Every structure is written in structure tokens, then in C-alpha cells.
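As the structure is a prediction and not an experimental result, all values here were calculated from the model. Numbered from 1 within each chain, the chains take letters A, B, ... in sequence-line order.
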2 protein chains.
Amino acid sequence: MKTREKILEASIELFTASGYEGTSLGAIADKVGIKKPSLYAHFKNKEAIFLEAVEIGEAGYHDLLKRMINEQKGTAAHILRSLLEEAVAAFEEEHLLSQFYYRFLFFPPSALEEKIRSITTQGTRRLDALLADIIERGQEEGELTTELTIEQMLRSYLCMLGGTDFDIRYYQHSSVDRKAYLEMIWSVFWRGVKA
Amino acid sequence: MKTREKILEASIELFTASGYEGTSLGAIADKVGIKKPSLYAHFKNKEAIFLEAVEIGEAGYHDLLKRMINEQKGTAAHILRSLLEEAVAAFEEEHLLSQFYYRFLFFPPSALEEKIRSITTQGTRRLDALLADIIERGQEEGELTTELTIEQMLRSYLCMLGGTDFDIRYYQHSSVDRKAYLEMIWSVFWRGVKA
DNA sequence: GTCTATAATCCGATAGAC
DNA sequence: GTCTATCGGATTATAGAC
């Protein structure tokens, strides 16, 4: 791996763990195995490293979700349910990306707030469209109720995804708890959307 | 207001906006209107200021929610619905407390992670108990389904609250959007739990 | 591209006068 | 309790040799 990529990889890990202000260039250089001034041969300054890390993190996170969505086959119920489980598992196993993504989406360094937001807003809409298709098909095939609109179910599903991520961080679930937790959440959602 | 309280108030604002490492004692002193060394007459060090701010933030946030829960009257449906709306409104109006609370619950300065968690875990369970009571009554009075357990509905409700907070930050809803958004989320949840 | 050396600044914290 | 003065250290960033 090229030094430049190593720098970005190390940066994502350190920024995730310690935040923007809590991560020093010295710590990044140490993790890469070079000296601090060598960083400036690859990036203009700390801000440039961080913003490029944000771009990579955003792309990586949305690719991960997109791949998950596209891999699912079967009924809408099965797809939505599997996706919930996989997404939640990813919060833990591949949690570096999602931690990085959400940390700086919600709590960006104040000076870079606008720049970050302009990077992240693009990928979101495409994911929404993929999910909306799945829900629409579920409705057409009589699995999902027609008493609700596609958008109502889409928003609720996304709310469930976000809330699950939220709760897992909040309550620090073990993997046993998590399985039971997902079952509980899903059962109410499914009761709410099934035909 | 005593200097000590001013320091804590200024600290909560600054820590919320800029994080632990991103907030300097100089900035806190400036906001209070004193010089930096004067802080040490009231607190041992930066860490002590922060940890006391966390205690105050935790207590304030949970008191806010508790007051909201206790103020609600009527059917379980009405209580749960109103609480959702009020809690979401509080995320915006009184958002300083909730921002502070969640920032450091989810992304604490690594060195203080355990200390913070020991402060915040206590208040949570009491709120869960209050909500469980409301749900139980709703079930007894035939409003809520008996096909689901109280815990299933409680977890789903909390997931909805968390997910809503999540989405509002994520999508940066305007107040018009928010009203329609809540209506959509609620309609699915209610379909999921009603008798 | 990587290094040593160093500049310039900011930080948390202390000493000591009032 | 508040201040001025200051220490010791860490930080971002640059200069310049190899």
C-alpha cells in the first residue's frame, strides 16, 4: 500500500477513536511509521487529510449499504428483515466505517461542518431509492399493506434502522441481547406494515 | 449567578459545540468573563469541570424527559403520541441538553469513557419503568394489542424515539417536514401496537 | 519522499501578589 | 477569588539537507 493510502487508513481509525481535535498529526505519523513532517509531502495540512478521509468514509459506508441491499433476494419481508440484521451486524463488525461516518455527520468540527455536509448528502438519496423499490414491489405482490404509502413505510424502516443503531450504542447490547432486541423491534414494525 | 455555575453553564455550551479536546480553558474563561487561572479556584482541572458538566447534563436531560412523561394525560395512544412530539420538539428547542448528552454518551473522550458511562446509566432505567407503566395500562384497557409483550412495545417505542432524533439530525428536517415525518412514523408504529 | 531541526503558537497548569 | 506572569509540553506547520 502506498504511503498516501496508509495515511488515510490510519487517519480514519484515529479520527474515529479520538475525534478531529483529539487526533494529532504525530499520532497519525506514528501509526503509519513515518515522521510527522513527511505527512506534508502528501497533504497540504491536517484539514486536507481529514476532508479526504471523510470522502473515503462516506463512499465506503454507502457502498457497504448498497452492496447489502443488492445482495438480498426473496420476499420484501425477508429482504427488509435480513437487511436490518446485516446492517446492525455491520455496525459492530465493520463498525469502523459507520462509527466514522456518524461521528462526523452528527458532530463535525465546527469549522468544517458545511464542507462535510456537502460530501455526505449525495449518497443518501440513492439508498432511499433502492429501499423504496423493494417496498413498492412488496406492496404490489400483496405482502405489504396498501393502507400506508411507500414513503410512510420507508421512513419508518429507516427510523427503525437509525433507532437500532442508536439503542445498540446506548445500551451497549451484547450479541445475545441484540438478537432478542432485533426480534422485538421487527415484530412491531412488521405488524405495522404487513398486509 | 455564582461564578462556579457560570463556568459550568459556559462549559456545557462550549463542550457541546466543540467537544472536549476542541474546547480550551481559555475559551471557557472568556465566556464567563474571567481569566484562565481563576478557573482553578473552583475546579481542580479541566477534567473535573467536564465531569461535573456531564453530571448536570445527565440530570437535566432526564428530568426534562421525566417531567414530560408525567405531564401527559389521557389514553396510552395519546400519551405516547404527545410524548413523541414533545420529545422531538425538545431535541430542537432545548437541544443544548440533548446534544450535550448524546455527544458524550456516544463519543466520549477516550480517557473518560468509563466515568461518563457510570454517570449516565443510572437515569435511563427509571425512564424505561415510567414508559412501561403507560404501555401496561394501555394493554389492560384494551387499547394496545396483547399479542405483543410490554417489552416488545417499549423497545419499539424507544427505538422510534431514538431513530427520530437520528433522522432529524441526519436529514436536517425543517419544522414542516418534521410534522409530516412524525405523522408517517407514528402511523406505522400505531398500526403495529394497537389492539 | 523522507528526514532533522526548528519556528510559532496554543494548551493545561502552577506560583505568588493583591 | 481574581489577577499577572510564567513554566513545560504538545501542536501545526515550515525550512532545508539528503
Side-chain angles (χ1 to χ4, degrees), chain A residues 1-57 100 103-104 107-116, chain B residues 1-57 100 103-104 107-116:
Chain A
M1 203 189 313
K2 300 241 176 196
T3 303
R4 194 186 153 86
E5 298 168 43
K6 281 192 205 166
I7 292 171
L8 289 167
E9 191 183 50
S11 298
I12 291 182
E13 285 182 43
L14 290 169
F15 283 137
T16 303
S18 310
Y20 180 73
E21 295 91 347
T23 299
S24 71
L25 295 181
I28 295 175
D30 281 351
K31 206 175 179 80
V32 175
I34 56 176
K35 297 299 175 184
K36 197 168 46 167
S38 304
L39 295 171
Y40 289 88
H42 303 274
F43 296 91
K44 191 188 151 206
N45 53 24
K46 185 181 181 180
E47 206 176 293
I49 298 179
F50 179 72
L51 287 176
E52 190 152 331
V54 169
E55 282 182 38
I56 290 178
F100 180 80
R103 168 159 207 157
F104 295 109
F107 304 108
S110 353
L112 306 178
E113 188 165 356
E114 287 184 19
K115 289 184 183 175
I116 291 177
Chain B
M1 203 190 311
K2 301 241 177 195
T3 304
R4 194 187 153 84
E5 297 169 43
K6 281 192 204 166
I7 292 171
L8 288 166
E9 192 182 50
S11 298
I12 290 182
E13 285 182 44
L14 290 169
F15 283 135
T16 303
S18 309
Y20 181 73
E21 295 91 347
T23 300
S24 71
L25 294 181
I28 295 174
D30 281 352
K31 204 172 181 84
V32 175
I34 57 176
K35 299 298 176 184
K36 192 168 53 164
S38 305
L39 296 171
Y40 290 88
H42 303 274
F43 297 92
K44 190 188 152 206
N45 53 24
K46 185 181 181 181
E47 208 176 291
I49 298 179
F50 179 71
L51 287 176
E52 189 153 333
V54 168
E55 282 181 36
I56 290 177
F100 180 80
R103 168 159 207 156
F104 295 109
F107 304 108
S110 352
L112 306 178
E113 188 165 357
E114 287 183 19
K115 289 184 183 176
I116 292 177

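To the nearest 0.5 angstrom, I7(B) atom CD1 is 12.5 Å from I12(B) atom CD1. Of the inter-residue distances, the one linking R103(A) atom CZ with T16(A) atom OG1 reads 8.0 Å to the nearest 0.5 angstrom.
With a heavy-atom cut-off of 4.0 Å to chain A, the contacted part of DNA chain D has its first and last nucleotide at dT11(D) to dT14(D).
In terms of the side-chain contact (heavy atoms from CB on, under 4.5 Å) criterion, residue partners of S38(A) (sequence neighbours excluded) are, by chain and number, I34(A), K35(A). Residues satisfying the side-chain contact (heavy atoms from CB on, under 4.5 Å) criterion with E5(A), sequence neighbours excluded, are M1(A), K2(A).
DNA chain C lies under 4.0 Å from at least one heavy atom of each of the following residues of residues 34-42 of chain A: I34(A), K35(A), P37(A), S38(A), A41(A), H42(A). DNA chain D lies under 4.0 Å from at least one heavy atom of each of the following residues of residues 4-25 of chain A: T23(A), S24(A), L25(A).
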Which donor-acceptor pairs under 3.5 Å do side chains of residues 47-55 of chain B form with protein atoms, sequence neighbours excluded?
from   : atom 1 : to      : atom 2 : distance (Å)
E47(B) : OE2    : K115(B) : NZ     : 3.4
E52(B) : OE1    : R4(B)   : NH2    : 2.8
E52(B) : OE2    : R4(B)   : NH2    : 2.5

Throw together a table of side-chain donor-acceptor distances under 3.5 angstrom for residues 21-31 of chain A, partners on residues two or more places apart or in other chains.
from   : atom 1 : to     : atom 2 : distance (Å)
T23(A) : OG1    : L14(A) : O      : 3.0
T23(A) : OG1    : G19(A) : O      : 2.7
S24(A) : OG     : A27(A) : N      : 3.1
K31(A) : NZ     : E13(A) : OE1    : 3.4

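Y40(B) and N45(B) get closest at one heavy-atom pair: CE2-CA, 4.0 Å. Contact record, S110(B) with A17(A): OG-O, 3.9 Å, taken as the closest heavy-atom pair.
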Determine, stepwise, if the pair F43(B) / L8(B) fulfils side-chain contact (heavy atoms from CB on, under 4.5 Å). CA-CA 10 Å; F43(B) 297 92; L8(B) 288 166; 3.8 Å; yes
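Cation-pi geometry between K46(B) and Y20(B) is met: the NZ or CZ atom falls under 6.0 Å from the ring centre, inside 45° of the normal.
Remark on the helix from dG1(C)-dC18(D) to dC18(C)-dG1(D): inter-end axis angle 0°, axes from five-pair C1' superpositions, rounded to 10°.
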